[in-house]
Amino acid sequence: MPLPVSDYRWQQTEAAVFISVPLRGVCVRDADVFCTENYLKVNFASFLFEVFLYAPIDDESSKAKIGNDTIVFTLHKKEPVMWETLSVSGVDKEMMQRIREKSILQAQERAKEAMEAKAAARREDQKYALNVMMKIEEEERNKIENMKENERIKATKELEAWKKCQRKAEEQKIIQTEEKLHEQEKQIEEGEKVKHKSLTRNSTSKNLTTQGRHSENIFSEKLKEDSIPAPRSVGNIKINFTPRVFPTALRESQVAEEEEWLHKQAEARRAMNTDIPELSDLKEEEKNPEWLKDKGNKLFATENYLAAINAYNLAIRLNSKIPLLYLNRAACHLKLKNLHKAIEDSSKALELLTPPVADNANARMKAHVRRGTAFCQLELYIEGLQDYEAALKIDPANKIVQNDAEKIRNIIQGTELKS
């Protein structure tokens with residue numbers, strides 16, 4: 001049973017009450033202080049200090065200072081009057097118990113209200129953070145949409161300019177054709193005139209003698225030979241062949257023949273690109289796109305990303321139909337934080353990796369992951385999650401991709417802070 005403390009001292013003013021309670025060895029860690037507007041209690045080891053206050057106090061602004069074997073209370077009165085005593089008089093045990101229970105209930109209600117207020121404030125903070133994140137994502141989406149719209153407008157203008165050039169070329173061809181027809185008509189008219197003259201001469205020669213008729217026939221044959229138009233001039237006709245594409249499924253295509261054809265096309269393209277300045281210092285075998293791709297891979301392995309991009313750029317200029325060139329260049333752009341270029345190269349690689357078959361599944365999965373990574377680094381987490389889910393459809397057992405996709409979902413749901 002705790003020992004009650006009775007050797008305390010107290011003083012008062014009209015606004016506050018000061019109580020000094022001596023407790024040997026008291027410290028903040030071990031002292032249990034409970035205070036309401038009408039009740040004050042201190043538990044420390046085997047000591048108990050309890051006061052049923054004369055008048056109500058403001059327990060929220062009241063303070064307790066613990067140290068030097070003493071607890072000093074500063075209690076602020078609700079009404080500025082002088083108290084007759086510190087403790088209310090005439091309190092029996094039953095009334096004490098009621099006051100204690102009422103004080104505990106009041107403390108519990110206040111604690112509950114404080115907890116609810118704290119939870120409401122935390123919800124407001126989370127709501128505000130979510131709204132800010134959604135606003136940022138919306139701005140990023142609008143930025144990308146604006147970029148797409150600008151690219152579409154640019155492509156439309158280029159298409160219109162190309163159509164205008166085509167129309168001008170067709171009009172020029174029509175004008176040239178009309179001029180040629182006009183010249184041919186002139187030649188026909190001149191031939192008709194010559195023929196008319198020859199017929200006139202033939203009619204006048206009918207009155208001559210047989211000998212003269214014979215010589216006239218020879219003269220008329222000569223005129224006929226002279227009226228024949230000259231042969232056409234020699235010219236060259238330029239033929240442009242449509243590039244061949246292989247849209248058939250892999251199981252129906254002849255892979256060996258198609259690869260041989262692609263190799264020949266690459267050789268021909270290298271022959272046509274001899275005027276590229278970058279090729280002037282390379283050996284003949286170094287002008288092969290495959291050699292340049294291997295060179296770029298080695299440079300990437302040594303973390304020389306800019307040199308690797310240059311190698312892939314030159315290989316793409318020689319052959320722009322190899323998807324791995326775009327896929328590897330996207331990895332370099334990711335390392336250099338060129339995020340928009342990484343998205344473009346990954347998208348181009350996915351366009352070329354058709355049809356989707358088992359042989360190109362790994363490359364398609366890498367393209368989705370790299371594009372999704374670029375989107376996430378731009379804080380476009382919804383677009384990034386779509387690419388990661390597409391990669392999981394190709395390789396559902398990939399644990400690394402599964403973990404990364406789960407992290408992106410947590411960021412979108414607001415349960416994980418952005419790193």
Main-chain N/O of [Y] paired to [X] side chain as donor or acceptor, under 3.5 Å:
| X | Y | result |
| --- | --- | --- |
| D30 | F44 | no |
| N68 | T70 | no |
| E379 | I136 | no |
| N360 | V357 | yes |
| S320 | I316 | no |

Are any non-hydrogen side-chain atoms of [X] and [Y] less than 4.5 angstrom apart?
| X | Y | value |
| --- | --- | --- |
| M133 | L130 | yes |
| I57 | C35 | yes |
| T13 | F18 | yes |
| V42 | F47 | no |
| I408 | I411 | no |
| V33 | F73 | yes |

Item to complete: With side chain to side chain contact (heavy atoms under 4.5 Å, CB included) as the test, would you mind laying out the steps for Q97 and E94 before giving the verdict?
Response: CA-CA 5 Å; Q97 185 64 26; E94 185 178 351; 5.8 Å; no

Worksheet entry | Residues forming a side-chain contact (heavy atoms from CB on, under 4.5 Å) with R9, sequence neighbours excluded |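 By the side-chain contact (heavy atoms from CB on, under 4.5 Å) rule, R9 matches S20.
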
Which residues pass the side-chain hydrogen bond (donor to acceptor under 3.5 Å, both in side chains) test with [X], not counting sequence neighbours?
| X | result |
| --- | --- |
| Y39 | E50 |
| N38 | none |
| N43 | none |

Worksheet item: If you look only at pairs with a residue in residues 294-319, which of them pass as a ring pair (Phe, Tyr, Trp, His ring centres under 6.0 Å), with sequence neighbours excluded?
Response: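 Passing the test, one end in residues 294-319: F300-Y305.
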
Starting at [atom1] of [X], measure out to [atom2] of [Y] and round the result to the nearest 0.5 Å.
| X | Y | atom1 | atom2 | result |
| --- | --- | --- | --- | --- |
| D387 | R370 | CG | CZ | 13.0 Å |
| D7 | L23 | CG | CG | 8.5 Å |
| N131 | Y128 | CG | OH | 9.0 Å |
| K127 | D125 | NZ | CG | 12.0 Å |
| D395 | I400 | CG | CD1 | 10.0 Å |
| Y381 | N410 | OH | CG | 12.0 Å |

Side chains of residues 144-171: which donor-acceptor pairs under 3.5 Å do they make with residues two or more places apart or in other chains?
from: N146; atom 1: ND2; to: N142; atom 2: O; distance (Å): 3.1
from: E149; atom 1: OE1; to: R152; atom 2: NE; distance (Å): 3.3
from: E149; atom 1: OE2; to: R152; atom 2: NE; distance (Å): 3.4
from: E149; atom 1: OE2; to: R152; atom 2: NH2; distance (Å): 2.4
from: N150; atom 1: ND2; to: N146; atom 2: O; distance (Å): 3.1
from: T156; atom 1: OG1; to: R152; atom 2: O; distance (Å): 2.7

Shortest non-hydrogen contact from [X] toward [Y]:
| X | Y | value |
| --- | --- | --- |
| K293 | L324 | CD-CB, 4.2 Å |
| P289 | N319 | CG-CB, 3.8 Å |
| Y388 | D404 | CE2-CB, 3.6 Å |
| I71 | A64 | CG2-CB, 4.5 Å |
| A361 | I394 | O-CG2, 3.5 Å |
| I66 | A31 | CD1-CB, 4.1 Å |

Item to complete: Determine whether more than 12 heavy atoms belonging to other residues, nucleotides or ligands lie under 6.0 Å from atom CD of E101.
Response: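 Check passes, neighbour count above 12.
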
Item to complete: Evaluate the criterion side chain to side chain contact (heavy atoms under 4.5 Å, CB included) for residue pair I19 and L86; output intermediate values, then yes/no.
Response: CA-CA 9 Å; I19 305 173; L86 176 64; 3.7 Å; yes

Show me the side-chain donor-acceptor pairs of residues 330-349 shorter than 3.5 Å, one per line, residues at least two apart or across chains.
from: H333; atom 1: ND1; to: N338; atom 2: ND2; distance (Å): 3.3
from: K337; atom 1: NZ; to: Q377; atom 2: OE1; distance (Å): 3.4
from: D345; atom 1: OD1; to: R329; atom 2: NH2; distance (Å): 2.9
from: D345; atom 1: OD2; to: R329; atom 2: NE; distance (Å): 2.8
from: S346; atom 1: OG; to: A342; atom 2: O; distance (Å): 2.9
from: S347; atom 1: OG; to: I343; atom 2: O; distance (Å): 2.9
from: S347; atom 1: OG; to: R371; atom 2: NH1; distance (Å): 3.0

Item to complete: Determine, stepwise, if the pair L40 / F49 fulfils side chain to side chain contact (heavy atoms under 4.5 Å, CB included).
Response: CA-CA 8 Å; L40 174 64; F49 174 70; 4.0 Å; yes

Item to complete: Kindly write out the residues that satisfy salt bridge (charged side-chain N to carboxylate O under 4.0 Å, His left out) with K143, not counting sequence neighbours, or none if the list is empty.
Response: E140

Worksheet item: Under the salt bridge (charged side-chain N to carboxylate O under 4.0 Å, His left out) test, which residues partner K366, sequence neighbours left out?
Response: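 In terms of salt bridge (charged side-chain N to carboxylate O under 4.0 Å, His left out), with neighbours along the sequence ignored, K366 is linked to no residue.
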
Check residues 174-182 and write down every donor-acceptor pair under 3.5 Å in which the side-chain atom is one partner and the other belongs to a residue at least two apart or another chain.
from: T177; atom 1: OG1; to: K173; atom 2: O; distance (Å): 2.8

Practice prompt. Quick one: which residue pairs count as a salt bridge (charged side-chain N to carboxylate O under 4.0 Å, His left out) with a foot in residues 63-80, not counting sequence neighbours?
Written response: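 The answer is E37-K78.
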
Would you give me the side-chain donor-acceptor pairs under 3.5 Å for residues 104-122, sequence neighbours excluded?
from: R110; atom 1: NH1; to: D59; atom 2: OD1; distance (Å): 2.6
from: R110; atom 1: NH1; to: D59; atom 2: OD2; distance (Å): 2.1

Discussion item. Test side chain to side chain contact (heavy atoms under 4.5 Å, CB included) on N297 and D294; report intermediate values, then the result.
Written reply: CA-CA 5 Å; N297 295 344; D294 295 338; 4.2 Å; yes

